[in-house]
Amino acid sequence: MALMGAGEGDQEKVSRESFLVRAVKIALVVTLYWFISITMVFLNKYLLDSPSLKLDAPLFVTFYQCVVTVVLCKGLSLLTHVVPSHILEFPSLRFDLKVLRTVLPLSIVFIGMITFNNLCLKYLGVAFYTVGRCLSTVFNVLLSYIMLKQTTSMYALMSCGVILGGFWLGIDQEGAEGTLSWAGIFFGVLASLCVSLNAIYTKKVLPAVDGSIWRLTFYNNVNACFLFTPLLFIFGEVGTLFTFDKLFAFSFWGMMTLGGIFGFAIGYVTGLQIQFTSPLTHNISGTAKACAQTVLAVMYYHQIKSFLWWTSNLMVLGGSFSYTWVKGLEMKKSQGETNQSQSNGEKNSVGV
């Protein structure tokens, strides 16, 4: 009996240690996601609208980040030939024109998403960025019904109502403070629409790249590089670059490259966070991160905001959290019903 008790004690100790190790890993992954995501937003704000940099070329900033992503993807793919798979696991990549054509519709949406995101950030700033592009959840519901004929529960619709209320209250409060940019709001709405379209088209296109998110990232960014090139000339950003006084400054290109690396890294840490937690926990973490990002922005830029301004942010974040929670419960319930029907079918087949 004493031996059994000792064995149970050792087993409990190992279980406690393994739980502690897993908890530490999860905490590190979530912290890494928060750090990269928040740093990327502040870094992009600097590149897009810094008074010290004075570069008015948002398309070029976005284009260069796509170039960095393509180089990093191809570099990691080549590294797999010399680095063992247990150390580095990355899919093989090659330029396939057929796949590039298949991915093209998604790439157009992708360009819209990253461009409008950056333009929204440029005109609205970091503090109001969360509210400015908060309608992606609402567009998810609308587009799922229009394009996929999927209905949404009443609780999820109520959550969308809270988000919309927070969005309008936020616009009202920004206007009252004299800091509202309608251009920023316009780009934020377009960014939200493109985020929703991107999610839908990604599901359709994934089979063309064997279900690999990294292959899709590579082809998406290759297409983006080609599509951005004429836009740089059309919108006169090539001329802007030639007159830019820091064009040959190492610090400028260092910050630009760092922005591209963080843009690439956010895809990796997002997948890592989902892997170590769950899609539901990832969305909740993203909502909490947005809250922390808003507070940090207000403190960093020494801004003073009204009670109703903070209320609008809480409504948006609360509505987003509520929607995520409701959809998580619905998925769990649907999964349970599917498992139950499968087990009933197995029982009936055994009975026959």
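Between Val269 and Gln273 the shortest side-chain heavy-atom distance does not fall below 4.5 Å. The closest side-chain heavy-atom distance from Thr217 to Cys73 is below 4.5 Å. Taking 4.5 Å as the limit, every side-chain heavy atom of Pro58 sits out of range of all side-chain heavy atoms of Thr115. You'll find the side chain of Leu241 reaches within 4.5 Å of the side chain of Leu55, heavy atoms only. Contact check for Val41 versus Tyr129: side-chain heavy atoms found under the 4.5 Å cut-off. Proximity of Arg133 to Val195: side-chain heavy atoms (C-beta onward) are separated by under 4.5 Å at one or more points.
For the residue pair Ser50 and Ser52, the shortest heavy atom distance occurs at OG-OG, 2.8 Å. The two residues Ser306 and Gln173 come nearest to each other via the heavy atoms OG-OE1, 2.9 Å. Scanning both residues, Ser192 and Cys134, for their nearest heavy atoms gives OG-N, 3.9 Å. Shown here for Ser159 and Gly319, the closest heavy-atom pair between the two residues is CB-O, 3.6 Å. Pairing each heavy atom of Gly166 with each of Val316, the nearest pair is C-CG2, 3.8 Å. Of all the heavy atoms in Ile185 and Leu180, the pair that sits closest is CG1-CD1, 3.8 Å.
When the shell of 6.0 Å around CD1 of Ile304 is examined, it contains 12 or fewer heavy atoms from other residues, nucleotides or ligands. Environment of CE in Met158: sparse, with no more than 12 heavy atoms of neighbouring residues, nucleotides or ligands closer than 6.0 Å. Around atom NZ of Lys246, more than 12 heavy atoms belonging to other residues, nucleotides or ligands sit under 6.0 Å away.
Transitive grouping of hydrophobic side chains (ILVMFWY, heavy atoms separated by less than 4.5 Å) brings Leu231 and Val67 into a common cluster. Linking ILVMFWY side-chain heavy atoms closer than 4.5 Å, directly or via other members, places Trp182 and Phe167 in a single hydrophobic cluster. Residues Val70 and Tyr64 share a single hydrophobic cluster, defined by chaining ILVMFWY side chains whose heavy atoms lie under 4.5 Å apart.
Looking at Lys289, its side chain never comes within 3.5 Å of a backbone N or O of Ser37 through a donor-acceptor pair. Checked by atom type and distance alone, the side chain of Thr80 pairs as donor or acceptor with a backbone atom of Ser77 at under 3.5 Å. Between the side chain of Thr31 and the main chain of Ala27, a donor-acceptor pair closer than 3.5 Å is present. Between the side chain of Glu237 and the backbone N or O of Leu59, at least one donor-acceptor pair lies under 3.5 Å. Of the possible polar contacts, one joining the Arg22 side chain to the Phe276 backbone as a donor-acceptor pair under 3.5 Å is found. Proximity of a side-chain donor or acceptor of Thr287 to a complementary backbone N or O of Ser320 within less than 3.5 Å is not detected. The backbone N or O of Trp253 sits less than 3.5 Å from a side-chain atom of Thr257, completing a donor-acceptor pair. Checking side-chain atoms of Ser196 against main-chain N and O of Ser136 turns up a donor-acceptor pair under 3.5 Å. Distance alone, capped at 3.5 Å, is enough to place a donor-acceptor pair between the Thr243 side chain and the Thr240 backbone.
With rounding to the nearest 0.5 angstrom, the CG atom of Leu106 is 9.0 Å from the OH atom of Tyr201. Annotation: the span from Met315 atom CE to Trp310 atom CH2 amounts to 16.0 Å, rounded to 0.5 Å. With rounding to the nearest 0.5 Å, the separation of NZ in Lys305 from OG in Ser312 is 9.5 Å. For the atom pair CG of Leu258 and OH of Tyr46, the computed distance is 11.5 Å after rounding to the nearest 0.5 Å. Between atom CG of residue Leu43 and atom CE of residue Met255 there is a gap of 4.5 Å, rounded to the nearest 0.5 Å. Atom CG of Asn118 is separated from atom NZ of Lys45 by 10.5 Å, given to the nearest 0.5 angstrom.
Between Trp214 and Phe264, the ring center distance clears the sub-6.0 Å criterion. Two rings, from Tyr219 and Phe110, have their centers 6.0 Å or more apart.
Between Arg94 and Asp96 a salt bridge is recorded (basic side-chain N to carboxylate O distance below 4.0 Å). Using a cutoff of 4.0 Å between basic side-chain nitrogens and carboxylate oxygens, Asp245 and Lys54 are not scored as salt-bridged.
Using cut-offs of 30° and 60° for the angle between ring planes, the Phe60 and Phe63 rings count as tilted. Relative ring orientation between Tyr300 and Phe42 is described as perpendicular, the plane-to-plane angle rising above 60° on a 0-90° scale split at 30° and 60°.
Remark: the Glu177 side chain and the Trp309 side chain contain no N/O donor-acceptor pair separated by less than 3.5 Å. Between the side chains of Trp34 and Ser285, at least one donor N or O sits under 3.5 Å from an acceptor N or O.
Applying side chain to side chain contact (heavy atoms under 4.5 Å, CB included) to Lys122 and the options Leu47, Asp49, Val61, Asn44 leaves one that passes, Asp49. No option in Leu216, Asn220, Val103, Leu197 other than Leu216 meets the side chain to side chain contact (heavy atoms under 4.5 Å, CB included) test with Thr202.
With sequence neighbours left out, Phe244 forms a ring pair (Phe, Tyr, Trp, His ring centres under 6.0 Å) with Phe252.
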Candidate pair Phe218 and Phe95, rule ring pair (Phe, Tyr, Trp, His ring centres under 6.0 Å), full reasoning: CA-CA 9 Å; Phe218 174 72; Phe95 290 95; 5.4 Å; yes
